[in-house]
Protein chains: 2
Amino acid sequence: MSTPGSGAGESAGGVVPEPVELWSAFKRAHELVRTRVVADTAEAAGLSEPDLTILVNLDKAGGALRQSELAASLGWDRTRISHQLTRMGKRGLVARERGDGVTVTLTDAGRRTVTAVHPGLEAAVRRHFTDRLSAEEAEMLSSVLRRL
Amino acid sequence: MSTPGSGAGESAGGVVPEPVELWSAFKRAHELVRTRVVADTAEAAGLSEPDLTILVNLDKAGGALRQSELAASLGWDRTRISHQLTRMGKRGLVARERGDGVTVTLTDAGRRTVTAVHPGLEAAVRRHFTDRLSAEEAEMLSSVLRRL
DNA sequence: TCCCGGGAGTTGACATATCAACAAGCCTCT
DNA sequence: AGAGGCTTGTTGATATGTCAACTCCCGGGA
C-alpha cells in the first residue's frame with residue numbers, strides 16, 4: 001500500500017507518511033523514550049512510571065488537584081486514577097479529602113520524593129528526548145501535541 | 001499565543017518548551033489518541049490494542065517475523081511479546097515455529113481479521129491523529145520520531 | 001415531595017505489563 | 001570435550017490497566 005493512489009497535493013522534497021505508519025512510529029517512539037527514561041529515574045527511587053507521572057503533575061499544579069482534573073490533565077480514565085491513587089495512598093505519597101468532589105494532595109513524603117527525583121528526571125528526559133530535537137522541532141512538536 | 005499556522009521556517013518569538021513539560025504533553029497526546037482510536041476500532045472487532053498492534057505489524061512485514069524482530073520493531077520487551085503472543089496464539093490469531101529463534105506467523109484467521117479491521121483503523125487514525133496535522137507537520141513529526 | 005438522570009468515585013474481576021529466575025542454543029577459548 | 005558467556009525465549013509472581021457494575025451526591029422537573 002505504498003502508492004498514494006492519487007498524487008494529490010504532493011509537495012517537493014517531503015513524503016507525507018501513511019496515517020497508520022505515522023501512528024505506529026509515534027507509539028514506538030513513545031515506548032522507547034518511556035522505557036529509557038523510566039530506567040534512568042523511577043527505578044532509582046523505588047517509583048513506577050505512573051507514580052512519577054502523578055507526582056510530577058501534582059507538583060506542577062502546586063501540590064493539590066481535584067481528582068477529576070488530575071485525570072483530565074493526564075488523559076486518564078477515572079478508574080485508572082482511582083486505583084493508582086489508592087496504591088500511592090497506601091505508600092504515603094498522596095492523600096485524599098472529600099469535599100466538592102475529591103481533592104488529591106501531595107503529602108510531605110510525596111513532595112520530598114518528587115523534589116529528589118526531579119533533577120534526574122529532567123536530565124533523563126533531555127538525554128533521551130529533547131536533546132534529540134532542534135529548537136524548531138521542539139516548538140512544532142509542542143504546538144502539535146497541544147492540538148491533539 | 002503564537003500559532004504558526006501555515007508559516008514555514010519562521011520562528012520569531014517561539015518559546016522552546018521545558019523538557020519535562022514537553023514529555024508530559026507527549027504522553028498525554030499518546031494517551032488521548034490511543035484511547036480514541038481503540039474505542040473506534042479494536043472494540044468493534046473483539047481485539048485489544050496490543051492485539052491490533054501485533055497484527056498490523058506482522059501484516060506490514062508480509063505475515064511473518066522473527067519474534068525478536070517483532071519486539072524490536074515495536075520497542076517492546078521480550079517477555080511482553082512472549083506473553084502477548086501466547087494469548088493471541090490461544091485465540092488462533094498467530095502461530096509460532098521454532099527454527100533459528102522463533103518465527104511468528106499470521107494465521108488465516110489473523111490475516112482475515114487484520115484485513116477486516118484495517119480500513120476502520122486507518123479512518124480512525126486519520127480522524128483522531130493525522131487529519132489534525134498539516135503536511136509539513138506530518139513530515140517533520142515523521143522524521144523526528146524516526147530519530148528517537 | 002418523589003422520582004429521574006447525570007457526574008464523580010469506588011470496587012472487584014479480569015486483561016495486560018513488568019520483574020526475576022530459569023532453560024536452551026550457540027559461540028569461543030582451553 | 002567441557003566451562004564460561006551471550007542471545008533468545010519462557011514462566012510465574014506481582015503491579016498496573018480496563019471493564020462493568022455499583023454507590024453517593026446533586027439538581028431539576030412533575
Side-chain angles (χ1 to χ4, degrees), chain A residues 27-28 30-55 57 64-91 93-105, chain B residues 27-28 30-55 57 64-91 93-105:
Chain A
K27 289 195 293 181
R28 181 169 193 274
H30 174 262
E31 193 60 39
L32 291 173
V33 175
R34 183 182 67 92
T35 302
R36 291 167 185 160
V37 168
V38 168
D40 283 5
T41 58
E43 195 166 290
L47 295 175
S48 66
E49 201 239 347
D51 291 342
L52 199 47
T53 302
I54 300 273
L55 291 179
N57 226 250
L65 271 179
R66 269 197 69 191
Q67 186 163 321
S68 57
E69 298 179 308
L70 185 51
S73 81
L74 297 173
W76 285 21
D77 181 82
R78 60 185 180 309
T79 84
R80 187 176 173 188
I81 279 276
S82 185
H83 281 303
Q84 183 62 32
L85 291 176
T86 299
R87 290 186 293 257
M88 293 176 74
K90 281 179 186 162
R91 290 187 280 146
L93 295 169
V94 298
R96 288 195 258 203
E97 303 164 17
R98 295 201 113 81
D100 174 39
V102 171
T103 301
V104 186
T105 325
Chain B
K27 289 195 292 181
R28 180 168 193 274
H30 174 262
E31 193 60 39
L32 292 173
V33 174
R34 183 182 66 92
T35 303
R36 291 167 185 160
V37 168
V38 169
D40 283 6
T41 58
E43 194 168 291
L47 295 174
S48 67
E49 201 239 346
D51 291 341
L52 200 46
T53 303
I54 301 273
L55 291 179
N57 225 251
L65 271 179
R66 269 198 66 192
Q67 187 163 320
S68 58
E69 297 180 307
L70 186 51
S73 80
L74 297 173
W76 285 21
D77 182 81
R78 60 182 180 303
T79 84
R80 187 177 174 190
I81 279 276
S82 186
H83 281 303
Q84 183 63 31
L85 291 176
T86 300
R87 289 185 296 258
M88 293 176 73
K90 281 179 186 162
R91 291 187 280 145
L93 294 169
V94 298
R96 289 194 258 203
E97 302 165 18
R98 294 201 114 80
D100 174 39
V102 171
T103 300
V104 186
T105 323

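Numbers restart at 1 for each chain; the letters A, B, ... are given by sequence-line order, proteins then strands.
The nearest whole Å value for the distance from the CG atom in Leu47(B) to the P atom in dC19(D) is 13 Å. Distance CZ (Arg78(A)) to P (dC19(D)): 12 Å, rounded to an integer number of Å. The separation between Leu93(A) atom CG and dA15(D) atom P is 15 Å, rounded to whole Å. Between Glu31(A) atom CD and dT18(C) atom C1' the separation is 11 Å, expressed in whole Å. Remark: P of dA8(C) and CZ of Arg80(A) are 19 Å apart, rounded to the nearest angstrom. Between the CZ atom of Arg91(A) and the C1' atom of dT14(D) there is a distance of 13 Å, given to the nearest Å. With rounding to whole Å, Ile81(B) atom CD1 is found 10 Å from dA17(C) atom P. Going from atom CH2 of Trp76(A) over to atom C1' of dG9(C) covers 16 Å, rounded to whole Å.
For the residue pair Thr41(A) and Val37(A), the shortest heavy atom distance occurs at OG1-O, 2.8 Å.
In this structure, Arg96(B) does not reach the dT8(D) phosphate: none of its side-chain N or O atoms is under 4.0 Å from OP1 or OP2. Contact annotation: Thr79(A) does not reach the phosphate of dT18(D) (side-chain N/O to OP1 or OP2, under 4.0 Å). A sub-4.0 Å separation between OP1 or OP2 of dT16(D) and a side-chain N or O of Arg87(A) is present. Dashed line: the shortest gap from a side-chain N or O of Arg98(B) to OP1 or OP2 of dA24(C) is not under 4.0 Å.
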Does the pair Ile54(B) and Leu74(B) meet the rule for a side-chain contact (heavy atoms from CB on, under 4.5 Å), with working shown? CA-CA 9 Å; Ile54(B) 301 273; Leu74(B) 297 173; 4.0 Å; yes
Determine whether Thr53(A) and Asn57(A) satisfy the following criterion, side-chain contact (heavy atoms from CB on, under 4.5 Å), listing intermediate values before the conclusion. CA-CA 6 Å; Thr53(A) 302; Asn57(A) 226 250; 5.6 Å; no
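Within the 4.0 angstrom heavy-atom criterion, only backbone atoms of the sugar-phosphate kind lie near Ser48(B); the bases stay farther away. Nucleic acid contact for Ser68(B): sugar-phosphate only, since backbone atoms but no base atoms lie under 4.0 Å from a heavy atom of the residue. Nucleic acid contact for Arg66(B): sugar-phosphate only, since backbone atoms but no base atoms lie under 4.0 Å from a heavy atom of the residue.
Under the 4.0 Å criterion applied to side-chain N and carboxylate O atoms, Glu31(B) and Arg28(B) are not assigned as salt-bridge partners.
In this structure, Arg96(A) CZ and Ser82(A) OG are separated by 5.0 Å, a value rounded to the nearest 0.5 Å.
Between the side chain of His83(A) and the base of dT18(D), a donor-acceptor pair under 3.5 Å is found.
Side-chain proximity of Gln67(B) to the nucleotides dT16(D), dG9(C), dT10(D) is greatest for dT10(D).
Both Arg34(A) and Val102(A) sit near DNA chain C, but only Val102(A) has its closest nucleotide nearer the 5' end.
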